[in-house]
Structure formats: C-alpha cells, structure tokens
Peer 1: 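First, the structure itself, so that you have it in front of you.
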Amino acid sequence: MIFRLPTLFFLISFFYYGFNSANAQITVCDSCEFTSVKAGIKAAKPGDTVLIKAGLYKENSIIIDKPITLLGENLPTIDGEDKGDIIQVFADDVTIDGLKLINVGSSYTEDYAAIRVSRAKNFVIQNLELRKIFFGIYLEKAREGIVRNNNILGDAVSEHNSGNGIQLWYSKKIEITNNSIQKVRDGIYLEFADDCRITKNLSKDNLRYGLHFMFSNDDVYNDNVFENNGAGVAVMFSKRIHMKRNKFQYNWGTAAYGLLLKEINDAEIANNIFEENTTGINVEGSNRVNYTGNTFKNNGWAIKVKGACYNNEFINNNFLYNSFDVSYNARLNDNKFHQNFWSEYTGYDLDEDGFGDVPYRPVKLFSYIVNRTPETIILMRSLFVDIIDFSEKVSPVFTPDNLLDEAPLMKKYSW
Amino acid sequence: MVKIENIHKKFGKNEVLKGVDLEIPKNGIFAILGPNGSGKTTLIKSILGMVVPDKGKIFIDGKQTHANGLYRKNIDYLPQIANFPSNLGVKELIKMIQDLRGGSANSDHLIELFQLEPFLDKKLSNLSGGTKQKVNLVLTFMFDSQLVILDEPTTGLDPIALLHLKELLRKEKEKGKTVLVTSHIMSFVEEVSDEIVFILEGKIYFKGNLSQLREKTGEQDFERAIAHLLKKNHA
Amino acid sequence: MLKILKYSFFDLIRSRWSYVYLLFYLLLGFVLLFLNEDLSKAVITLMNVIIILVPLIGTIFGVMYYYDSKEFTELLLAQPVKRSSIFIGQYLGVSLSLVMSLVLGLGLPFVFYGLFESAAIWDFSLLLVTGSMLTFIFTALAFNIALYNENKIKGFSYAILMWLFLAVIYDGLFLMSLIVFETYPLDKFTLIATVFNPIDLSRILILLKLDIAALLGYTGAIFQKFFGTNVGLFLALGSLMIWILLPVLNIYRKAKKKDF
C-alpha cells in the first residue's frame, strides 16, 4: 500500500494537468517572450509547463512555489555561477525534467544544492545532468517523491569541502532509482529518512560512502552497484533495512568496506555480491541480521565482526578465496553459521548428503593476531602462520570454539 | 725445477709443515716418503696450489706460483684417491680434462696400455677401484708436461698395471722430465726413484739418493733403512 | 668458468635427482591445474610450494653436490683453472639445472593449460622468477655452509637447520617480537625484518601481486607507500639480488683461501 499512494497521486495530477496544460505552456529561450527561467516560472500558473529550450541560462535561486512542470528541451544548461542553490522547490506536485545544472558553488556554512526540495511532496526529479555541484539533489522534509534517471558527476577532492550526490533529511517514501552518481562525498545520504526505496543506481568513485544511512528505518535498497568508493556503503543506527542483490566491489583502502553495519537491527542482507573489498562486511553492534545467499569473493576479510553482535545468522553464503573469511575480535560468539560454502574447506562428504562431514572453522588464529597487531599481516601465508592456524583449528584457544559451520556446503550455493 | 722456501702450514692447531726448504732439480724421479700424517700430501698440494701455505714461497722453473693456478698447465698431477663425477663416462671424462687443460693430449696409447677400451662408455660410478686408478693414470700421463706429480700412484693396481706404470715412469724420465712421487710401497720407491726426500713431523729429515740413505743409516735394505730413520727419530 | 659450469650442468641434468625434481614439478603443475582449473588460484597454491620447497631443494642439492663432487673438485683443482671459477662454475651448474627443472616442470603444465592467453601470466612469471632467485640464494648459502664444514654430516645438518630457521623459526620469532612490542611503531622494523629473510621477501614479493597488496596498506602509511607502489616490488627484487650476490661473493672469497 505504501508505494501505491504516490502512484495514485500521480494519476490524479496527470489528469488535472491534462485539462489545464494543453494551452498553458510557457516557453523560455533566448528569443522568446521569456528569456529567463525565473521569468517563465513567474508567469506560469499552477499546472502549467515551463518549457526551456536548449541554451545557457545564468541563474540561481530559482524558486518554484507552485505545482508546475519545469521541462528542458535538448538539455538546456542552467549555470548557477557558484552562487548557491540553483533551483528551490517549495510546492507540492512539481516535476523537474531534462535539465543540465552546473556550478553550484561550495560553502562551509550552507549546504548549497543544485536542486533543493523543501517540505514538498509528490515531486518528480528526472533526467537531469548535474555537474560541478556541491550538493546535488537535497530533499529536506520531503515526501513521496521520485528521483530517477539522473546523472550526477561531482569533482570532489576532499571530504570537508564537498557535498553529497543525493541527500535525504527527514524525508519519507522517496523512490530513488536508475541514477548514476560519481565523485561526490556520499553518493546517496539518508538521515532520518524512512520507507525509501533505492534501486538500480550506480554509485561509484565517491570520496566517502556510496550510500550512507543514518537513523533511517524501513528502507530498501536493491540491485544497486557500489564501486570503488572511499569507504563503501555505511548503514548506521538504522532498523529494518533490506539490502538485496547489490554489488559491492573494489572498495580497497585503509578504511574501506564493501558494507559497514553499525548498530543495525533486524536487517535482511540477501543475494548480494561482495568482490575485492578490503573488508566485505564490517559489523559492529548489530543484532538479528540475516545474511543469506551472499557471495564474498576475493576480499581481504569477508566478514569482520567487532563488538557485541547477537542473533545474526549466516546461511547459504559463498565464501570464495578471501584472505580471511570471518574475523572476530572477541572470544564470544552468539551468531550462527550454517550451510555456507567455504572455498578453503578441506573436509569430505562421505555420506554424500551435500554437506561436509567435518565442521568448518571460519575464524583463523592469524586473523585474531592481525586484529591485535596489524603489522603481523606481513607474515600472511607463511609456513609458520599455517602451522599455528592448523594447531588452533585442532584445539581452539584464542578463537570462539563454538564458531563453526556444522554443515558446510560441498558445492557453491546458487540462487 | 721446483724450489720450496720455508713453507709453513697449520690446519687448525695441527702444524703440518714447519718450515720446509727443498730444491728438486730437473730430470729424475723423486720420492717423497714419510709416515702417515708427516705432511707429504700437504707438501705436494702446496706445490700444486691446492693448499695455501701460511708462509713461504714456491718457485717452479724459477717463477713463483700464482694464486690463479694457471701455472698448473705445466704440471701433470695424479691425485691420491681417484673419484670422479659419477654421471660421466670414461671417454667423456678424458675429453673433459683435455678440454679444461687445452693443449695437445694423447690418450690412445695409454688407454691401450691399461686395456681400458671396454670401459670407455661406462659410467665412472660403475668402475672398480683399480680401473678408476687406471683412468686416473691416463688422465695424468696423457699430457706432456715437464713436471709430473704422483700421489700414491700404485693404489689398487694389479701387478700388470703396476709394471706398465713403472715402464711409463721410466719413459718419462728418459724424456728428461721431473717426476715427484709419494708411495707407501717401499719396493716400488726403491725401484723407481733416483732421489728420496724423507719428511718427518713437517720437516725434511733426509734428502739424498739411495746410496746416501744406506750410508747414513748403515742399513743395506731399503725398508730397514727407512725404519731406521723413523726409529732414530723416536729414540 | 664456463667450462666448469658446462660440465657441472650436464653432469647434473643427467643425474636421477634432476629428473625426480622435474617430474615432481610437472606432476604438481598438472595436478594443481586439474584440481583448480582456475589459473590464478593455482598460482596462489604454487606460491606456498615455491617459498618452502624450492629453498629446501636448493639447500639439499647444493650441499649434496658440493660433498659428492669433492674428488671431482680436487681433480679440477689440479688443472690450470682458477679456484673461483671452479666453485662459481659448480655453483652455477647446480643452480641452473635446478632452475631449469623448476621452470620446465611448472612451465609446461601451465603453458599446456593456456597460460599465454591468461591474465595470470605476469603472476606466474613472477612466481618463476622468485622461485629461480630462491634457488640461486639457497644453493649459494648451502655452498657456503659446505665450504666451511669439512664434515659432511655436520654440513648437511647445518644446511637443513638454516632452511628450517629461515622457513619457519624466523617467522615465529618475528611474529613473537611483533606481538611483544605491539605498543611501539612497528612498520620500519617489520620491513627491515622482512628484508633479512629471503623466504619472507619472496613471499611478500608474490603476495604483492596477488591478494594482500591492499591489505598491507591497511596497517600504516609506510606500508602503504612501500607496498602500494612499485617501490616495494623493486626493493624486494633488489634485496633478493643482494641475497644472491653476498653468498656468491663469499664463495669466491672463501674458495680462494681454502685448502684441499
């Protein structure tokens, strides 16, 4: 029901506009009656479409305070000349479509954005190209809107003077889909944003996180690709987040993760692919999280568990050629590993039920040592380390002795 | 031919040569004798440069020996124990030594002499001790150097081969060569040598020909004369 | 020297052990590829073999050859050949024949399985280069040990001990000291300690190209600088070269003074 409501609104508004906008189209171009976007909007009545022809418009602080459609033809450019917000939306039922917005200008005190939607609902922001931005699309206290097919490319070099691609603050039921976001601080940032759906986006080469949740609940993100971000994807202090079929890849670096979970409860993490990250998933203080059908391939650490994590279940995941499969910094384990595939498993399956007859211990002593003294990583894959790992495997002293997969899969799990 | 000046050599605490002075003239067979551990082999090896003396000089044909060992081109040496790379065949070994030394070499008559033809293609590891020694002899005598040094040449030889060896030595001497030989077989020494050098505890104890030895010891029998030398020293 | 090298080399490649060694690697290569089918995965498994087995075999062959060819050496010493040529020639003969067995033994299966079309070719080449360098290093070290020990049993024991020390014990001490001094900045110490063990050095060199380059960067700025760039690669290769040069120079030096 939740997501049908905006659609319904949409249909209604479509009919509403349909009757009114046939003859209420205002055109903006160099040689038109209206030569500036601002003037066009000023002249428009609610429900009108302001059509902007191709060209360069040097304007900023364009305020939309009535339900209109701002439509670009052949991608007109609005140049904010580094003076702050370019378009501000304060009204419901606004559509912004097909524009190129450049030169937002940065500030240490104000979060300037290419498009700011404030206390509005039922908006559609689509087919935009954003360049040289500070913040891209900034939604504050907005509801039931759609952000789709936008291409955001920043030029962020350092975290403190760059902004986020798409930022949600106290917003609800926003759909963010098919966007491409690159080279900003956080690709998509959600703070106090609930019931949002984030799907099929590409978030790449961002300075900090590809996707960042803070204090946001009941959100879903599926089928996204997060690649080569400074620190991967961070989900913090949030509840009931669903993460499915995403790809987290090539997040290499000193503090880089595929996915960082901090104080996350009741989440579902299913069928994702984590490939070539320094750490696949870094978990801190997260409870009742289900990990199923994920593939961890060629990561430094597939899963790093820090601090107290209770009642988490890892079932039917594939752990392939990671330097370390699971690392714990405590001796305590209250998590369940069951029926996963481990490429390092050396046991056998005599009864041929598809599960190894000998349990697998995913935590190595060496990973425990490396957690304690990081420099010891230099001894990885040395004979001595293999020997101590083996002896720890035989009789666990330092690692949780109940942490084992009783029924490791003999073949890769596929879904 | 060979001139040795004040050679000293220690192996650890064991002083093997304690100032040896020796001059070996051209042409003739010189036997170096002495009890086990008296320093015979060390002396020979010093001449060859295989042992580096702690002190002293060695001249061959008036030229001081050089550490690079290239002067060995003019020395034919027969080592004490013949043990060769086991994977090589006899023919290959002969070729190899020829290759290493360069110059002309004539091994055919020697192979014939010691009847080594059946063994030419065999690997050295499969040969008996005596046959190896024959190969060793071939390797030594196939070159035509002026100085020949033989360390225990009689080891393992059958009587016929021994005869051939004596014959060889005689011929070499006729060619005007200088032959240096050590042996424990007294009859052999007595038969072939022109001059004897007796080493005892790292020093030259006696140098002279057989008659001088008999004179000095008052013993007619060679073996007894040698025994006398030894006894006198221990007395 | 080239003549000595030639004879030692041919002597060795005709010996049974070279074939055993070659066959072992052929078998290993084929089995690994057969089991894995994934070329880059096989390269990782091979690394474990190479950094442990290659030094061991280099050590054993080196010592064995030295003692076995003692009489041959004496024979050569009586010839007009420089001493250093004899030993360096023999050393090169042993190490080259070992290197040849290694390269052929591992190379053939991999070529057979389509190495040239694979992206793993660089990793694999690095593996072979490292393996070859380790052979040179450990054969040289073994020759050194043998040169200093007349007693065969003693020399053999020392050589095996040296291998054991560098392959296992060193890393144990290294790990222990890292844990004991964990409160101090350790990255410089770690790098230096690595350079002092050719096995560690080779392991790092291979791992740099495989999985831990970035993992190492995890631990600190110096590591990152060292392992993140090609500086590490060249430094490690350079240090391995020094590891070859120093023992060989010592063979040269010792051979000049030694009595036979």
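To find a chain, count down the sequence lines: A is the first, B the second, and so on, and within it residues start at 1.
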Peer 1: Do Asp171(C) and Val385(A) touch side chain to side chain, with heavy atoms closer than 4.5 Å?
Peer 2: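 No, too far: nothing below the 4.5 Å cut-off.
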
Peer 1: Given heavy-atom pairs under 4.5 angstrom as the criterion, report whether the side chain, backbone, both or neither of Leu178(C) touches chain A.
Peer 2: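 Looking at Leu178(C), backbone and side chain both touch chain A.
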
Peer 1: Kindly compute the distance separating OG1 (Thr194(C)) from CD1 (Ile378(A)), expressed to the nearest 0.5 Å.
Peer 2: 3.5 Å

Peer 1: Measuring from atom CG of Leu383(A) to atom CG of Leu164(C), what distance do you get when rounded to the nearest 0.5 angstrom?
Peer 2: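 Rounded to the nearest 0.5 Å, the CG-CG separation comes to 9.0 Å.
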
Peer 1: Heavy-atom pairs under 4.5 Å with chain A - which of Leu175(C), Ile52(C), Ile169(C) has more of them than the others?
Peer 2: Leu175(C)

Peer 1: Side chains of Leu379(A) and Asp200(C), heavy atoms from C-beta outward: is any pair under 4.5 Å?
Peer 2: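 A side-chain contact exists here, since the closest heavy-atom pair is under 4.5 Å.
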
Peer 1: Which heavy atom in Arg372(A) sits nearest to a heavy atom in Ile179(C), and how many Å separate them?
Peer 2: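 Looking at all heavy atoms of both residues, the shortest contact is NH2-CG2, 3.4 Å.
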
Peer 1: Tell me if the CD1 atom of Ile153(C) is crowded by more than 12 foreign heavy atoms within 6.0 Å.
Peer 2: no

Peer 1: Is the OH atom of Tyr158(C) crowded by more than 12 outside heavy atoms at less than 6.0 Å?
Peer 2: no

